[in-house]
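Below is one structure; the comments refer to it alone.
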Amino acid sequence: REKLIELPIFPGPKGRFYPLTQLALPGDFEDPIGITEIIDLKRVGGRREFLQALGAMPLSFETYVKEHIARAFNEFDLSNEKKRATVQLLGRELGKIAADKEIQEALSGLPLIECEDHIFRVPVKVYFPVKIIKEILGDDVHYAFLPPDHSETLYKLYELIGVSECPRPSDIIDRIYSLTKLPSTEDSLERVIQAVRYIGEVWQKDEAIREGLETLKNMAWLPGKGNPGKWFTPKELYTSYREYLFESQGLFLGVPRDIQNNIPELLNWLGMKTEPEPSLVVKHLLHCSERKIPVNREVYNYLNNKAEDRSINQLKGKPCLLLPNEQYVTAKQVFWGVYPFGRYRYRLSSEMRKYNDLLEKLGVREQPGPEDARDVLIEIAQQYGDFNQPLDEESYAVCIECWRWLSSGLENKKIDENEILTLADKKVIPDVRKVLNYPRQVFFEDRAGIASKFENFLKNNVIVRPQGAWRA
């Protein structure tokens, strides 16, 4: 039987003979286009049952679509006019097509869709000319041509057999690749940002979409903030959600924040990082301190929660604490309680107590000690001594108070004499003019009038013993 039906012995139109597989029996459907060959029953003596037993099928709309239209489009060089006539016929039978998934599947593989360039293509290679497609895929894809007089019917037909009004994952990836294979431009950057926004809206709707977009996890296709002309893989970038903690150290996604706010799950799925390592936050704080840039106060909250991290040690001894006047100071320069050092030291507000773990790790103390008085004297010497400038009233008062603290500390054994001796080679003693001198150049006036015996030689260098300060 199989061999028989393949032989060109069965009469068809125009007196020609065909294999039975290329013919149809007359049925309840007539081919108005002429792409189907009908068996000439008169020439076979009307043996319809015999032909049916061999496998010949009466021509119905279903067989017309599944067998004859498919064979005509695949094997014959149909003119564009016949292709258009076929599509219009299918449009008139829209109800039957909508009710039969097998017919839809059969049609989905045929080049039925006339595109704007008037070339016919299979539905899965074609899109409707809608705004979102043009924004995301641009001119990299083909758009269906919809004649005004048949547009509504054709739209429904095309939709049933696979023409899409949403970008397909494979085409999104192809489009992104074409945009990012060269350094970024203003136009390509804008289009990639549009793609990011769109992907964020659809990627969770279907598992097939997510699987189709997996390639994006390893592609260098995303813009980096402050890096024009370059593209980055998702794993190279941080989201902007926590940028304020380490903005000078991280490489951040160059997509507007309002878009990022709407797609956090997508960015996480792609492999993008959000939370910084403590070392990056520490480096950012030091970066801002060196450049006198006020840091976001949340930096201290973050570091307080990470107070046990080893990177915190990098801040010790560095001016990393931002005061309300936007000045950075070291932990040694601040106290929780009162102090006698005027503008040379600072008192932290009670609000800063919420960062206590961090501040304790850095060495912030409740009260100053004698060693702080020594350090303040050195600072005053650096400010005034090198230029032989007279101390202002506040600096002079602080200087004398520092010597009182050192004397008290020496007496109470809170500071070692050797620590005080480190001041011996520094200008830390104010003379009668309030100009700082080396200790060896200043004398106490133990006997009234003794300085006058040396005329002008010791006129400025003999001072009265300051009460409570002279011992040190």
Side-chain angles (χ1 to χ4, degrees), residues 2-44 48 51-52 54-126 142-147 149-151 153-164:
E2 286 76 11
K3 292 182 179 179
L4 178 64
I5 62 177
E6 292 293 338
L7 295 175
I9 59 173
F10 298 91
K14 299 180 182 178
R16 296 172 58 190
F17 291 89
Y18 300 81
L20 189 60
T21 54
Q22 295 180 12
L23 296 172
L25 288 167
D28 60 3
F29 181 81
E30 291 188 9
D31 174 13
I33 303 169
I35 61 174
T36 308
E37 310 296 351
I38 303 296
I39 296 174
D40 189 342
L41 287 177
K42 291 181 180 179
R43 293 171 64 191
V44 292
R48 187 182 186 96
L51 294 172
Q52 283 183 298
L54 290 177
M57 298 291 293
L59 185 63
S60 64
F61 179 72
E62 289 76 9
T63 57
Y64 181 70
V65 171
K66 295 175 183 177
E67 296 181 21
H68 300 285
I69 289 181
R71 186 164 59 86
F73 271 78
N74 288 327
E75 298 179 13
F76 305 149
D77 185 17
L78 295 179
S79 67
N80 284 355
E81 287 73 17
K82 279 208 169 186
K83 291 178 181 178
R84 292 185 188 110
T86 301
V87 171
Q88 290 171 12
L89 168 64
L90 294 172
R92 292 194 293 271
E93 302 291 345
L94 193 60
K96 293 180 180 178
I97 296 173
D100 194 323
K101 293 291 183 183
E102 290 185 5
I103 291 179
Q104 295 171 30
E105 186 175 346
L107 294 175
S108 67
L110 301 179
L112 289 166
I113 312 302
E114 183 175 9
C115 298
E116 290 179 344
D117 58 4
H118 300 296
I119 295 175
F120 286 77
R121 295 180 174 88
V122 294
V124 294
K125 296 291 184 182
V126 182
H142 304 292
Y143 295 99
F145 173 68
L146 297 168
D149 51 338
H150 298 289
S151 61
T153 300
L154 290 184
Y155 195 101
K156 292 178 180 178
L157 170 66
Y158 289 175
E159 190 174 31
L160 281 173
I161 62 178
V163 176
S164 180

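A quick note: this is a predicted structure, and the numbers were derived from the prediction, not measured.
At least one donor-acceptor pair under 3.5 Å links the side chain of Asn74 to the backbone N or O of Ala70. At distances below 3.5 Å, not a single donor-acceptor pair connects side-chain atoms of Glu116 with backbone N or O atoms of His142. With hydrogens and angles ignored, the 3.5 Å screen pairs a side-chain donor or acceptor of Arg71 with a backbone N or O of Gln22.
The distance from atom CZ of Arg16 to atom CG of Leu23, rounded to the nearest 0.5 Å, is 10.5 Å. Going from atom CD1 of Ile5 over to atom CG of Leu51 covers 11.5 Å, rounded to the nearest 0.5 Å. Note that CZ of Phe145 and OG of Ser151 are 10.5 Å apart. Values are rounded to the nearest 0.5 Å. For the atom pair CD of Glu62 and CE of Met57, the computed distance is 9.5 Å after rounding to the nearest 0.5 Å. With rounding to the nearest 0.5 angstrom, the SG atom of Cys115 is 11.0 Å from the OH atom of Tyr143. From Phe61, atom CZ reaches atom NZ of Lys96 across 6.5 Å, with rounding to the nearest 0.5 Å.
Counting all heavy atoms, side chain and backbone alike, Ser108 lies closest to Pro123 at O-CD, 3.1 Å.
At a threshold of 4.5 Å between non-hydrogen side-chain atoms, the residues Phe10 and Val44 do not count as touching.
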Subject >> Intermediate values then yes/no, side chain to side chain contact (heavy atoms under 4.5 Å, CB included), Leu78 and Phe120 >> reply: CA-CA 11 Å; Leu78 295 179; Phe120 286 77; over 6 Å; no

**OP:** I would like to know whether Tyr158 and Val87 meet side chain to side chain contact (heavy atoms under 4.5 Å, CB included); could you show each step before the answer?
**Re:** CA-CA 10 Å; Tyr158 289 175; Val87 171; 3.8 Å; yes

**OP:** Kindly determine whether Leu160 and Leu94 satisfy side chain to side chain contact (heavy atoms under 4.5 Å, CB included), including the steps that lead there.
**Re:** CA-CA 9 Å; Leu160 281 173; Leu94 193 60; 3.8 Å; yes

**OP:** Please step through salt bridge (charged side-chain N to carboxylate O under 4.0 Å, His left out) for the pair Arg84 and Glu114, ending with a clear verdict.
**Re:** CA-CA 8 Å; Arg84 292 185 188 110; Glu114 183 175 9; 2.9 Å; yes

**OP:** Kindly determine whether Ile97 and Val65 satisfy side chain to side chain contact (heavy atoms under 4.5 Å, CB included), including the steps that lead there.
**Re:** CA-CA 10 Å; Ile97 296 173; Val65 171; 5.7 Å; no

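Other residues, nucleotides and ligands contribute over 12 non-hydrogen atoms within 6.0 Å of the NZ atom of Lys66. In the displayed structure, Gln52 atom CD is contacted under 6.0 Å by more than 12 heavy atoms of other residues, nucleotides or ligands.
The cationic atom of Arg43 (NZ for Lys, CZ for Arg) lies less than 6.0 Å from the six-membered ring centre of Phe17 and within 45° of the ring axis.
A side chain to side chain contact (heavy atoms under 4.5 Å, CB included) with Leu90 holds for exactly one of Thr153, Leu154, Leu157; it is Leu157.
The aromatic rings of Tyr64 and Phe29 lie tilted to each other, with the angle between the two planes from 30° to 60°.
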